[in-house]
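Just the heavy atoms: all of them, side chains too, but no hydrogens, waters or symmetry mates, feed the values below.
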Amino acid sequence: MIITAWSALSPYGTDDQDFAQGTVSGRPLPDGTRPVPDFEPRAFLGQQGTRAMSRATALSVATAARLLTEDDDRARTGLVLGTTNGSAQNILDVNRASLERGKPYHIQPTVIQNAAMNSVASQTAIWHGLRGPNATLAGGRSTGLSALGYCRRLLLTGRADTLLAGAAEELTEARTWVGDGTAPLAEGCALVRLERSASDGLAEVLAIASVVAVDGDIGTAVLKAADRVLTRTSPDRVWAAVGSGTSDDAESKALATVCPEATVLPPLTESLGQVHAASGPFQLAAVLSHAAASGPAERFALLTSAEPQGIAAAAVLRVKGETVVV
């Protein structure tokens, strides 16, 4: 399975190059919550169809637009999107409206629509006319890498020719209430374009694995997931490793143990902030950005994501190190 392009809207800016340069340089972001600067849905997507659109949907629609071409067969193009729990803001809005209105069912239909967990993926597909597989995976920080495994199965079984995979997180008042406080809350969307085979790909996804953390032992789960994917290459050939950044250092210790010779890149929580389900897709974009900055050479990278509530995921890539922004 080949990654042929990526795109990201992040607190570094609305341009892919903003994210690449900010990630590679480690440019610090302001303290406090971190929205995508200058992102106004109507300015990006137009007036029609955006009035009742949630911010997460707008981020996803805008990011997906950069990865699609006029030549794509939209009937054979799908979308797999990760989430933590959907839009916390719209879920709370529905609950509030059901209590405050005269009848529980006197709620604006658009509010109910945005509260559905699969709303972002569905609206993104409708907006762009994608008629291939459409799925929403809810697994917190591990979702982004787990989505790669889901996409690989879809491609291998011929369910699609092209897939967009990633996640979006919006920065709303409700999300600040459910944050874990370990890093500044941030929003954004990162997507990668996946094809079964391509001669001009940026990276090949060699293996993906997910492991349940028994008794909350995240470190052991990360080690097991990493060991499983490293059957496709030896640990001493891994050029860089990057984790999602959990509430403790269990993940970073596991990476240092399994790939002692690799360059361990800083987790994105230290630079970008806490993007929860979007951690994995942003990690992919960060690794590709670092590889491009290091010059054109084939190299291997290990990525891990750990959700403190009990799931760890890992993926190993063969990266080409060429121009990666679209």
Side-chain angles (χ1 to χ4, degrees), residues 1-8 56-57 59-84 86 113 116-140 142-168 189-212 225 228-229 231-232 277-285 288 303 305 311 313-319 326:
M1 183 171 65
I2 308 299
I3 298 174
T4 57
W6 65 268
S7 187
T57 301
L59 289 167
S60 176
V61 170
T63 307
R66 298 173 174 179
L67 297 178
L68 297 167
T69 69
E70 293 182 357
D71 296 330
D72 287 331
D73 181 357
R74 303 296 169 101
R76 299 282 300 167
T77 302
L79 174 67
V80 178
L81 205 65
T83 184
T84 301
Q113 167 187 296
M117 190 170 288
N118 66 337
S119 172
V120 176
S122 300
Q123 291 188 67
T124 302
I126 293 170
W127 184 280
H128 292 297
L130 308 182
R131 300 190 298 281
N134 186 267
T136 298
L137 303 183
S142 64
T143 298
L145 298 187
S146 298
L148 293 179
Y150 191 93
C151 289
R152 181 174 61 179
R153 291 189 292 273
L154 291 174
L155 291 172
L156 289 177
T157 55
R159 297 288 303 281
D161 295 330
T162 302
L163 290 169
L164 305 185
C189 177
L191 296 172
V192 294
R193 180 184 170 106
L194 299 168
E195 299 178 34
R196 184 172 179 178
S197 62
S199 59
D200 57 349
L202 306 175
E204 180 182 4
V205 182
L206 297 178
I208 312 108
S210 296
V211 174
V212 175
R228 290 182 184 179
V229 298
T231 57
R232 296 299 304 270
S279 297
F282 275 121
Q283 284 173 265
L284 285 170
L288 294 172
L303 298 86
S305 288
I311 302 175
V316 64
L317 311 179
R318 181 190 289 122
V319 186
V326 295

key: Heavy-atom pair of closest approach, residues Leu164 and Ala64   = CD1-CB, 3.8 Å

Rounded distance [0.5 Å steps], CG in Leu81 versus CG in Asn134 = 8.5 Å

query = Any side-chain heavy-atom pair from Thr231 and Val316 closer than 4.5 angstrom?
reply = no

ask   = Which distance, rounded to the nearest 0.5 Å, do you find between the OG of Ser279 and the CG of Leu303?
value = 11.5 Å

query = How far does CD1 of Ile208 sit from CG of Leu145, to the nearest 0.5 angstrom?
reply = 8.5 Å

message = Tell me the closest heavy-atom pair linking Ala56 and Ala168, and the distance in Å.
response = O-CB, 3.9 Å

query = Would you say the side-chain atoms of Arg232 pair up with the backbone N or O of Leu206, donor to acceptor, closer than 3.5 Å?
reply = yes

key: Atom of Pro281, atom of Gly144 and distance for their closest heavy-atom approach   = CD-CA, 3.6 Å

query = Can you check whether Gln123 reaches Val61 side chain to side chain, under 4.5 Å on heavy atoms?
reply = no

request  = Taking all heavy atoms of Ile2 and all of Gly201, pick out the closest pair and write down the distance.
outcome  = CG2-CA, 3.4 Å

request  = Show your reasoning for whether side-chain hydrogen bond (donor to acceptor under 3.5 Å, both in side chains) applies to Thr136 and Thr83.
outcome  = CA-CA 7 Å; Thr136 298; Thr83 184; over 6 Å; no

query = Does the side chain of Ser142 come under 3.5 Å of the side chain of Ser305 through a donor N or O and an acceptor N or O?
reply = no

task = Tell me, please, which residues at least two apart from Thr143 pass side-chain hydrogen bond (donor to acceptor under 3.5 Å, both in side chains).
result = none

task = Check the surroundings of atom CZ in Arg159: do more than 12 heavy atoms from other residues, nucleotides or ligands lie under 6.0 Å from it?
result = no

task = Give the minimum heavy-atom separation between Ala167 and Gly82, together with the two atoms involved.
result = CB-O, 3.4 Å

Contacts of Thr77 that satisfy side-chain contact (heavy atoms from CB on, under 4.5 Å) - sequence neighbours left out = Leu68, Asp72, Leu130, Thr162

note = Taken to the nearest 0.5 Å, the spacing of Leu155 CG from Arg152 CZ works out to 10.5 Å

note = Heavy-atom closest pair (Ala125 atom, Leu79 atom, distance to 0.1 Å) is N-CD2, 4.4 Å

request  = Taking the side chain as every heavy atom from C-beta outward, state whether Leu317 and Glu204 have any atom pair closer than 4.5 Å.
outcome  = no

key: Check: Trp6 main-chain N/O paired with Arg193 side-chain donor or acceptor under 3.5 Å   = no

message = Can you tell me how far apart CE (Met1) and CG (Leu154) are? Round to the nearest 0.5 Å.
response = 9.5 Å

inquiry  = Applying side-chain contact (heavy atoms from CB on, under 4.5 Å), can you list everything that pairs with Ala160, at least two apart in sequence or on another chain?
reply    = Pro133, Leu163

ask   = With Ala75, which residues qualify under side-chain contact (heavy atoms from CB on, under 4.5 Å), at least two apart?
value = Asp73, Arg131

remark   = Taken to the nearest 0.5 Å, the spacing of Leu202 CG from Arg318 CZ works out to 14.0 Å

ask   = For Asp161, which residues count as a salt bridge (charged side-chain N to carboxylate O under 4.0 Å, His left out) partner, sequence neighbours excluded?
value = Arg76

inquiry  = Holding to side-chain contact (heavy atoms from CB on, under 4.5 Å), I want the full list of residues that pass it with Thr63, two or more places apart in sequence or in another chain.
reply    = Ser7, Leu9, Cys189, Leu191

